[in-house]
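Below is one structure, written out as structure tokens, with a few remarks after it.
In each ligand, atom 1 is the first atom listed, and ligand 1 is the first ligand listed.
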Amino acid sequence: MSQRTVDRRGADLFADEGRDGFLMRAFMRGAGFSSEHVRRRPVIGICTSWSELNPCNADLRRLSEAVKRGVLAAGGLPLEFPTISLAEPFVRPTTLYLRNLMAMDVEEMISASPIDAVVLLGGCDKTVPAQLMGSISAGKPAIMLTAGPRPTARRQGRPLTIDDIWPLADQRRQGRLDDDEWADLEARLNCGVGTCNVLGTAITMAMVAETLGMALPGSSLPPSGGAQRAALAEATGARAVELAGEGVVPADHVTPETLENAFRLVCAVSGSTNAVIHLEALAGRVGRRLGVEAMREWSATTPVLADVRPAGRHLLEDLQDAGGVPAVLAELAPLVYLGARSGTGRPWAEVTRTVSRSPGPALRTLDDPVFPAGGLALLRGSLAPRGAVLKRSAAHPALWRHRGRAVVFDGLADLNARIDDPALDVDRDSVLVLRGVGPVGGPGMPEVGELPIPRKLLDQGVHDMVRISDARMSGTGGGTVVLHVAPEAAAGGPLGLVRDGDLIELDAEQGRLDLLVDAAELAARAPATPPEHPARGYAALFRRHVLQSDEGCDFDFLRAAAESGTR
Ligand code: FES
């Protein structure tokens, strides 16, 4: 299954009696490691995305020390190395633009280094899929530990989580939050290190890694900075030493069954829409696809069980109290493959049998779900021939079926210039369309799909409208927001043909997204002009090789050849 053959183990290289081993030990001696210490121990790389440019991952330095304790106690030799780190708030144009570069960095460092297994330390949104993608392609045993969520802040006697920023930002636009209140909010919003403290992309992907068996059971939700996470780090280090001797590689964790498990888990917790893209990218690394039709069927048969922010009402710590991923999988037992391997190496069936779980308001049961099924709507139609995504569980039910006139924005500059213009021809039934912000057009699909409600409608009390784009949305966002329209406008998709006033029909129940303009009229319209081809560097590589969202936005040359008989 692994795509590379490791001809000599790291431990053997350090024990080599020839010149190579001598030199390796001599260089380690220079760093203060005795020959006895480095000989014949399984070498465990610790691939860290710690960076001061990434506050979400700030706890990884402490966790790395705890991983080392676990590795040493289990008889291994821990050696830490850095890679690129991607912080959502800081990286321009978008972190997805650099996800594949980070995945290449991870893959090549794991492949090139004398290590027998690796612990992946990730956290902020794209660092997790990048590490998973890179380690799958590198083909050495790997286990992940994520940074964990930030503690929940409080404001005016109530919990304050990162998703609160969207309605508060609207209040600020309306002049209902003054400078002092805005500054107070800035000081309070993040009261510690760690990833976003709702079921956004980072936590969703941490739960995906756990479900795939690439992280220890129960490791996604304990908060960053705490004792529980440090103990998990020790256990992860010890598990990496075991993995070095087991020969199980990450690709073995990415099967049709585990991909379905992971997708159903995302549906059951109402996780981030970004997970759809990352799951396709992971599948592509082993020559598989999930595919719109399969995801549509899985979503239609998976109830939403977690009532957790941003789509729900409760906090991540409430979901952790209810038992976290093992409890969700236990509840989903009739729908998932519990024979799949967990991060301990034992099947999920064993883990879920012994999990302490307490269904309650944050985690409901199959008999009493938050939402019956179809929380994540996979759409197709004349406006999205290769698919689009709507988080139905976070959309206003009155808009699940909607027909309205398009109001079109060509890119972010156009949107920002006109959205609050009092003269904008828009009403509450309009459909806002943003294009030119897909994988190629963005580039990198910025998280701008949750278009702001035009100020004049906001002032009338409108808080949700149908919005459609080839962009993504922050996992902390919500609303009737249709995302990932494929093909994107810049790749010749019909989104590029829409004009102001065209009728668009969304039917989330039937999974349809249609442009109600006849074919002859569309054929007469000029397609969108693609952006100029960059002349050099990563921008040129990205433009030439990035795939559309339905293929995970990976680079075409990084995917494995399709496996026969797979989706
Ligand atoms: Fe880093 Fe949300 S911005 S996890």
Side-chain angles (χ1 to χ4, degrees), residues 48-63 83-99 102-103 120-132 144-153 159-166 168-169 185-186 188-210 215 219-226 229 266 269-275 277-278 308-311 315-317 319-320 391 394 444-450 471-478 483:
T48 183
S49 52
W50 177 88
S51 163
E52 284 185 336
L53 276 171
N54 195 343
C56 304
N57 289 10
D59 196 31
L60 296 184
R61 184 171 261 180
R62 179 184 74 106
L63 294 179
T83 66
I84 298 169
S85 189
L86 305 172
E88 291 299 309
F90 298 165
V91 169
R92 301 289 183 272
T94 78
T95 49
L96 186 65
Y97 176 69
L98 293 178
R99 181 202 62 181
M102 180 173 172
L120 307 164
L121 294 181
C124 197
D125 297 12
K126 306 306 178 297
T127 59
V128 174
Q131 289 185 331
L132 293 175
M144 170 169 272
L145 178 73
T146 46
R150 289 188 283 279
T152 302
L160 175 71
T161 50
I162 189 74
D163 53 320
D164 285 322
I165 193 63
W166 307 117
L168 288 166
L185 192 57
E186 178 183 309
R188 286 176 190 269
L189 185 63
N190 294 325
C191 67
V193 297
T195 61
C196 288
N197 47 13
V198 293
L199 256 161
T201 307
I203 291 300
T204 302
M205 289 310 298
M207 296 175 90
V208 163
E210 188 180 329
S219 64
S220 307
L221 300 181
S224 196
R229 189 150 288 280
V266 172
V269 299
S270 222
S272 167
T273 47
N274 283 319
I277 290 176
H278 299 316
V308 173
R309 296 182 185 194
L315 301 173
L316 275 182
E317 46 255 53
L319 183 58
Q320 193 205 340
K391 191 171 177 178
M445 293 182 84
E447 292 184 335
V448 294
E450 188 183 358
R472 295 175 298 121
M473 173 176 79
S474 165
T476 62
L483 304 153

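Remark: ligand 1 atoms within the under-4.0 Å shell around heavy atoms of T195 are 4 (S). Residue A202 has at least one heavy-atom neighbour below 4.0 Å for each of these atoms of ligand 1: 4 (S). Atoms of ligand 1 lying under 4.0 Å from at least one heavy atom of E88, given by number and element, are 3 (S). Below 4.0 Å from some heavy atom of D125 lie the following atoms of ligand 1, by number and element: 2 (Fe), 4 (S). Listed by atom number, the atoms of ligand 1 under 4.0 Å from C56 heavy atoms are 1 (Fe), 3 (S), 4 (S).
At a 4.0 Å heavy-atom cut-off, ligand 1 touches C196 through backbone and side chain alike.
When all heavy atoms of S49 and M102 are compared, the pair lying nearest together is CB-CE, 3.9 Å.
For the pair T94/R472, a side-chain contact is recorded, criterion being any heavy-atom separation below 4.5 Å from C-beta on. A heavy-atom distance below 4.5 Å is found between the side chains of R150 and C196. In this structure the side chain of P310 reaches within 4.5 angstrom of the side chain of L199, judged on heavy atoms.
Ionic pairing of R99 and D125 is not present here: no N-O contact between side-chain nitrogen and carboxylate oxygen is shorter than 4.0 angstrom.
Of the listed residues (S272, G200, C124), the one carrying the non-hydrogen atom nearest atom 1 (Fe) of ligand 1 is C124.
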Item to complete: Report the C-alpha distance between S85 and T127 in whole Å, list the side-chain angles of each, state the deciding distance to 0.1 Å, and finish with yes or no for side-chain contact (heavy atoms from CB on, under 4.5 Å).
Response: CA-CA 6 Å; S85 189; T127 59; 4.1 Å; yes
